[in-house]
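The block underneath contains the structure these notes are about, expressed in C-alpha coordinates.
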Amino acid sequence: MTTPEFYTIKDKKFKLMIDDVIIQSRIQELADMINIDYQNKSPIFIIVLKGGMFFGIELLKKITVDCEIETLISKSYGLNMKSSGTVDLIIGSIALEDKDIIIVEDIIDTGLTMNKLKNVLNSYNPKSIKVASLLRKPDCAKIDVTVDYLGFEIEDKFVVGYGLDYAEFGRQIPAIYQHIED
Ligand code: IMP
(Lines give C-alpha, C1' and ligand atoms only; values in the text may rest on other atoms or scores of the structure.)
Protein backbone atom coordinates (compact mmCIF):
# COMPACT_ATOMS: atom_id res chain seq x y z
CA MET A 1 0.00 0.00 0.00
CA THR A 2 1.36 3.44 -0.86
CA THR A 3 1.52 6.00 1.94
CA PRO A 4 -0.97 8.84 1.40
CA GLU A 5 0.55 12.34 1.18
CA PHE A 6 -2.25 13.95 3.24
CA TYR A 7 -4.67 13.08 6.06
CA THR A 8 -7.56 15.10 7.43
CA ILE A 9 -8.41 14.53 11.08
CA LYS A 10 -11.50 16.34 12.28
CA ASP A 11 -10.94 19.99 11.25
CA LYS A 12 -7.15 19.76 10.68
CA LYS A 13 -5.00 18.86 7.67
CA PHE A 14 -1.79 16.88 7.98
CA LYS A 15 1.03 16.22 5.50
CA LEU A 16 3.44 13.27 5.41
CA MET A 17 6.62 14.03 7.37
CA ILE A 18 8.37 10.66 7.97
CA ASP A 19 7.56 7.55 5.97
CA ASP A 20 7.05 4.15 7.66
CA VAL A 21 10.02 2.60 5.81
CA ILE A 22 12.35 5.26 7.22
CA ILE A 23 10.84 4.90 10.70
CA GLN A 24 11.26 1.13 10.65
CA SER A 25 14.89 1.30 9.61
CA ARG A 26 15.68 3.90 12.29
CA ILE A 27 13.94 1.77 14.93
CA GLN A 28 16.11 -1.17 13.85
CA GLU A 29 19.21 1.00 14.38
CA LEU A 30 18.02 1.97 17.87
CA ALA A 31 17.29 -1.68 18.71
CA ASP A 32 20.78 -2.66 17.50
CA MET A 33 22.29 -0.07 19.86
CA ILE A 34 20.19 -1.27 22.80
CA ASN A 35 21.02 -4.93 22.07
CA ILE A 36 24.72 -4.06 22.28
CA ASP A 37 24.46 -1.74 25.30
CA TYR A 38 22.38 -4.24 27.31
CA GLN A 39 24.31 -7.43 26.49
CA ASN A 40 24.35 -9.57 29.65
CA LYS A 41 21.74 -7.29 31.24
CA SER A 42 18.03 -7.72 31.55
CA PRO A 43 16.38 -4.31 31.16
CA ILE A 44 12.79 -3.42 31.84
CA PHE A 45 11.13 -1.37 29.10
CA ILE A 46 8.47 0.98 30.43
CA ILE A 47 6.19 2.04 27.60
CA VAL A 48 4.48 5.38 28.18
CA LEU A 49 0.84 5.04 27.10
CA LYS A 50 -0.83 5.74 24.96
CA GLY A 51 1.56 7.52 22.61
CA GLY A 52 4.58 5.27 23.14
CA MET A 53 2.80 2.02 22.35
CA PHE A 54 3.40 1.85 18.58
CA PHE A 55 7.07 2.79 18.82
CA GLY A 56 7.39 0.50 21.85
CA ILE A 57 5.97 -2.52 20.06
CA GLU A 58 8.07 -2.00 16.93
CA LEU A 59 11.20 -1.49 19.05
CA LEU A 60 10.55 -4.47 21.30
CA LYS A 61 10.01 -6.82 18.34
CA LYS A 62 13.65 -6.10 17.46
CA ILE A 63 15.12 -6.53 20.97
CA THR A 64 17.13 -9.73 21.41
CA VAL A 65 18.30 -9.36 25.04
CA ASP A 66 16.16 -10.79 27.84
CA CYS A 67 13.79 -8.10 29.00
CA GLU A 68 10.62 -7.27 30.86
CA ILE A 69 7.89 -4.94 29.66
CA GLU A 70 5.75 -2.56 31.72
CA THR A 71 3.44 0.31 30.91
CA LEU A 72 2.48 3.55 32.52
CA ILE A 73 -0.05 6.20 31.65
CA SER A 74 0.85 9.85 31.23
CA LYS A 75 -1.37 12.68 30.05
CA SER A 76 -0.41 16.20 29.10
CA TYR A 77 -1.97 17.46 25.87
CA GLY A 78 -5.65 16.73 26.52
CA LEU A 79 -7.67 17.74 23.50
CA ASN A 80 -5.39 20.60 22.43
CA MET A 81 -2.34 20.99 20.22
CA LYS A 82 -0.20 22.68 22.91
CA SER A 83 1.52 20.91 25.77
CA SER A 84 -0.39 21.75 28.95
CA GLY A 85 2.71 21.87 31.12
CA THR A 86 1.12 19.75 33.82
CA VAL A 87 1.46 16.00 33.75
CA ASP A 88 -0.64 13.27 35.33
CA LEU A 89 1.04 9.91 35.87
CA ILE A 90 -0.56 6.57 36.65
CA ILE A 91 1.99 3.83 37.39
CA GLY A 92 1.11 0.21 38.12
CA SER A 93 2.64 -1.79 40.95
CA ILE A 94 5.97 -2.26 39.21
CA ALA A 95 9.01 -3.73 41.02
CA LEU A 96 11.80 -1.45 39.86
CA GLU A 97 14.43 -1.64 42.57
CA ASP A 98 17.86 -2.44 41.08
CA LYS A 99 16.40 -2.68 37.57
CA ASP A 100 17.85 -1.18 34.39
CA ILE A 101 14.93 0.89 33.12
CA ILE A 102 14.44 2.06 29.54
CA ILE A 103 11.55 4.51 29.25
CA VAL A 104 9.87 4.33 25.83
CA GLU A 105 8.09 7.53 24.76
CA ASP A 106 6.61 8.83 21.51
CA ILE A 107 7.92 12.40 21.64
CA ILE A 108 9.80 14.84 23.85
CA ASP A 109 8.28 18.29 23.38
CA THR A 110 8.82 20.66 26.36
CA GLY A 111 10.57 17.80 28.23
CA LEU A 112 8.34 18.29 31.29
CA THR A 113 6.71 14.87 31.02
CA MET A 114 9.99 12.99 30.70
CA ASN A 115 11.59 15.00 33.48
CA LYS A 116 8.72 14.21 35.81
CA LEU A 117 8.74 10.57 34.75
CA LYS A 118 12.44 10.19 35.46
CA ASN A 119 12.05 11.82 38.88
CA VAL A 120 9.15 9.55 39.81
CA LEU A 121 10.86 6.39 38.55
CA ASN A 122 14.08 7.35 40.37
CA SER A 123 12.21 7.17 43.65
CA TYR A 124 11.83 3.40 43.05
CA ASN A 125 15.65 3.05 43.36
CA PRO A 126 16.40 1.49 39.97
CA LYS A 127 19.98 0.66 38.95
CA SER A 128 19.77 2.90 35.87
CA ILE A 129 17.28 4.88 33.78
CA LYS A 130 17.66 5.53 30.05
CA VAL A 131 15.26 7.11 27.61
CA ALA A 132 14.18 5.98 24.14
CA SER A 133 11.99 8.40 22.19
CA LEU A 134 10.83 8.20 18.60
CA LEU A 135 10.78 12.00 18.19
CA ARG A 136 12.07 15.16 19.82
CA LYS A 137 11.25 18.82 19.13
CA PRO A 138 14.44 20.59 20.23
CA ASP A 139 12.99 24.09 19.67
CA CYS A 140 10.25 23.43 22.25
CA ALA A 141 12.49 22.32 25.13
CA LYS A 142 11.74 24.00 28.45
CA ILE A 143 13.94 21.59 30.34
CA ASP A 144 16.99 19.65 29.15
CA VAL A 145 16.36 15.91 29.06
CA THR A 146 18.93 13.42 27.82
CA VAL A 147 17.49 11.08 25.19
CA ASP A 148 19.76 8.06 24.95
CA TYR A 149 18.03 6.45 21.98
CA LEU A 150 16.42 9.05 19.71
CA GLY A 151 14.63 8.29 16.45
CA PHE A 152 14.34 11.73 14.85
CA GLU A 153 14.64 15.41 15.71
CA ILE A 154 11.78 17.33 14.14
CA GLU A 155 10.74 20.96 13.68
CA ASP A 156 8.22 22.59 16.00
CA LYS A 157 5.18 21.15 14.17
CA PHE A 158 2.24 19.33 15.69
CA VAL A 159 2.45 15.72 14.49
CA VAL A 160 0.18 12.68 14.45
CA GLY A 161 0.57 9.01 13.62
CA TYR A 162 2.60 6.14 15.05
CA GLY A 163 0.84 6.50 18.40
CA LEU A 164 0.65 10.30 18.40
CA ASP A 165 -2.85 11.76 18.41
CA TYR A 166 -4.86 14.85 17.70
CA ALA A 167 -7.68 14.86 20.29
CA GLU A 168 -7.34 11.04 20.47
CA PHE A 169 -7.55 10.53 16.69
CA GLY A 170 -4.79 9.54 14.27
CA ARG A 171 -2.76 7.25 16.53
CA GLN A 172 -3.15 4.28 14.17
CA ILE A 173 -1.67 6.03 11.12
CA PRO A 174 1.49 4.07 10.22
CA ALA A 175 3.73 7.09 9.51
CA ILE A 176 4.36 10.57 10.99
CA TYR A 177 2.26 13.44 9.61
CA GLN A 178 2.68 17.15 10.39
CA HIS A 179 -0.08 19.71 10.79
CA ILE A 180 -0.42 22.18 7.89
CA GLU A 181 -2.44 25.37 7.77
CA ASP A 182 -5.45 25.35 5.40
P1 IMP B 1 6.12 17.36 26.90
O2 IMP B 1 5.84 17.14 28.35
O3 IMP B 1 5.80 18.77 26.50
O4 IMP B 1 7.52 16.94 26.49
O5 IMP B 1 5.07 16.54 26.08
C6 IMP B 1 5.14 15.20 25.93
C7 IMP B 1 3.79 14.62 25.54
O8 IMP B 1 2.97 15.55 24.81
C9 IMP B 1 4.04 13.47 24.60
O10 IMP B 1 4.14 12.27 25.31
C11 IMP B 1 2.82 13.49 23.72
O12 IMP B 1 1.81 12.71 24.29
C13 IMP B 1 2.39 14.93 23.70
N14 IMP B 1 2.85 15.61 22.46
C15 IMP B 1 3.90 16.44 22.33
N16 IMP B 1 4.03 16.89 21.07
C17 IMP B 1 3.02 16.31 20.38
C18 IMP B 1 2.62 16.36 18.99
O19 IMP B 1 3.21 17.04 18.12
N20 IMP B 1 1.54 15.60 18.65
C21 IMP B 1 0.85 14.85 19.55
N22 IMP B 1 1.19 14.77 20.84
C23 IMP B 1 2.28 15.50 21.26
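Order of appearance sets the numbers: ligands from 1, and atoms from 1 within every ligand. Start at 1 with the first residue, then count along the sequence.
Contact analysis leaves Gly51 out of contact with ligand 1, as no non-hydrogen atom separation drops below 4.0 angstrom. Using a non-hydrogen distance threshold of 4.0 Å, Lys142 does not register as a contact of ligand 1.
The main-chain N or O of Ile108 is never found under 3.5 Å from a side-chain atom of Lys137 such that the two would form a donor-acceptor pair. Not one N or O on the side chain of Asn115 forms a donor-acceptor pair closer than 3.5 Å with the backbone of Gly111.
Within a 6.0 Å sphere centred on CG of Asp98, heavy atoms belonging to other residues, nucleotides or ligands number more than 12. Few gaps surround CD on Glu29; more than 12 heavy atoms of other groups in view lie less than 6.0 Å from it.
For Asp109, heavy-atom contacts with ligand 1 shorter than 4.0 Å involve the backbone as well as the side chain. Proximity of Val160 to ligand 1, defined as any heavy-atom pair under 4.0 Å, is not found for any part of the residue. With a 4.0 Å cut-off on non-hydrogen atoms, Glu105 touches ligand 1 through its side chain and not its backbone.
Within the listing of ligand 1, atoms 21 (C) sit less than 4.0 angstrom from a heavy atom of Asp165. Counting the atoms of ligand 1 from 1 in the order shown, those under 4.0 Å from a heavy atom of Thr110 are 1 (P), 2 (O), 3 (O), 4 (O). Short contacts between ligand 1 and Lys137, defined as distances under 4.0 Å to a heavy atom of the residue, involve ligand atoms 16 (N), 17 (C), 18 (C), 19 (O). Near Leu164, meaning under 4.0 Å from one of its heavy atoms, ligand 1 places the atoms 20 (N), 21 (C), 22 (N), 23 (C). Of all atoms in ligand 1, numbered sequentially from 1 with element shown, those under 4.0 Å from a heavy atom of Thr113 are 1 (P), 2 (O), 5 (O), 6 (C).
The only member of Phe158, Tyr166, Phe14 that meets ring pair (Phe, Tyr, Trp, His ring centres under 6.0 Å) when paired with His179 is Phe14. The only option from Asp148, Leu72, Ile129 that meets the side chain to side chain contact (heavy atoms under 4.5 Å, CB included) definition with Ile103 turns out to be Ile129.
Within the structure, every pair that satisfies the side chain to side chain donor-acceptor pair (under 3.5 Å) test and touches residues 14-25, not counting sequence neighbours, is listed here: Thr3-Asp19, Asp20-Tyr162, Gln24-Glu58, Gln24-Lys62, Gln24-Tyr162.
Asp32 and Gln28 share a donor-acceptor pair across their side chains, judged by distance under 3.5 Å alone.
Between Val159 and ligand 1, an N or O atom pair is found at a separation short of 3.5 Å. In terms of polar-atom proximity, defined here as any N/O pair under 3.5 Å, Gly111 does make such a contact with ligand 1.
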